[in-house]
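Report on the structure given below.
Please read these numbers as outputs of a predicted model, since none were measured by experiment.
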Amino acid sequence: MPALSASVADARGRIRARLREWGAGAELREDASLVVTELFTNAVRHTDSEKITCVVYDSGSVVRVEVTDQGRGTGVPAPATAGADEEGGRGLLLVSVLSLAWGSDPAEDGTGRVVWAELAAHRPPR
């Protein structure tokens with residue numbers, strides 16, 4: 001998707017739709033939506049990418065969300081310390097609270113970074 005703020009809502013909607021197709025519960029859909037919103041927004045704000053890729057994988061007990069940028073950012077993603085009056089700076093803290101694990105790795109093609117988060121796949125009772 002284009003690396004634009006307007007693409008964040010599209011990425012969020014696609015993740016929700018895919019998880020709904022897979023039968024994921026409302027809590028997981030909401031948590032994954034928040035996580036992808038934060039990761040995609042960070043890629044838009046901090047990487048100067050032209051394109052950002054967002055994918056979701058379901059391994060049964062874990063759902064993994066990956067956001068890949070084009071590697072034009074500086075540094076490795078890390079939670080910031082935000083003051084009580086600041087509007088931003090809490091996104092990765094939120095990701096860490098909602099996720100079982102999260103981190104970043106070099107993209108396979110070597111030109112970008114994959115920031116990922118793994119969430120518990122709470123399944124609704126059948």
Distance-minimising heavy-atom pair for [X] and [Y]:
X: Trp22; Y: Val56; result: CH2-O, 3.5 Å
X: Ala3; Y: Ser49; result: CB-O, 3.0 Å
X: Cys54; Y: Met1; result: CB-CE, 4.2 Å
X: Ala107; Y: Thr68; result: CB-CG2, 4.0 Å
X: Leu19; Y: Leu28; result: CD1-O, 4.2 Å

Between Arg45 and Thr41, is any pair of side-chain heavy atoms under 4.5 Å apart?
yes

If you define the side chain from C-beta out and look only at heavy atoms, does anything of Leu39 sit under 4.5 Å from Val35?
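Side-chain contact under 4.5 Å: yes.
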
Short N-O contact, Arg64 and Glu66, less than 4.0 angstrom:
yes

Can you confirm whether Glu108 is buried at CD, in the sense that more than 12 heavy atoms of other residues, nucleotides or ligands lie under 6.0 Å from that atom?
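No - once you tally the heavy atoms of other residues, nucleotides and ligands closer than 6.0 Å, there are 12 at most.
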
Would you say CZ of Arg29 has more than 12 non-hydrogen atoms from neighbouring residues, nucleotides or ligands within 6.0 angstrom?
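Enclosed: over 12 neighbouring heavy atoms sit under 6.0 Å from CZ of Arg29.
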
To the nearest 0.5 angstrom, please state how far the [atom1] atom of [X] sits from the [atom2] atom of [Y].
X: Glu30; Y: Arg16; atom1: CD; atom2: CZ; result: 4.5 Å
X: Leu98; Y: Glu118; atom1: CG; atom2: CD; result: 14.0 Å
X: Leu4; Y: Asp10; atom1: CG; atom2: CG; result: 11.0 Å
X: Ser7; Y: Arg14; atom1: OG; atom2: CZ; result: 8.5 Å
X: Leu119; Y: Trp102; atom1: CG; atom2: CH2; result: 13.0 Å
X: Asn42; Y: Ser104; atom1: CG; atom2: OG; result: 11.5 Å

What do the steps show when you test Ser33 against Arg12 for side chain to side chain donor-acceptor pair (under 3.5 Å), and what is the final call?
CA-CA 5 Å; Ser33 295; Arg12 183 175 48 242; 5.9 Å; no

How is the hydrophobic cluster of Val114 composed, in terms of its other members, when Ile, Leu, Val, Met, Phe, Trp and Tyr link through side-chain heavy atoms under 4.5 Å apart, directly or indirectly?
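Val114 clusters with nothing; isolated.
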
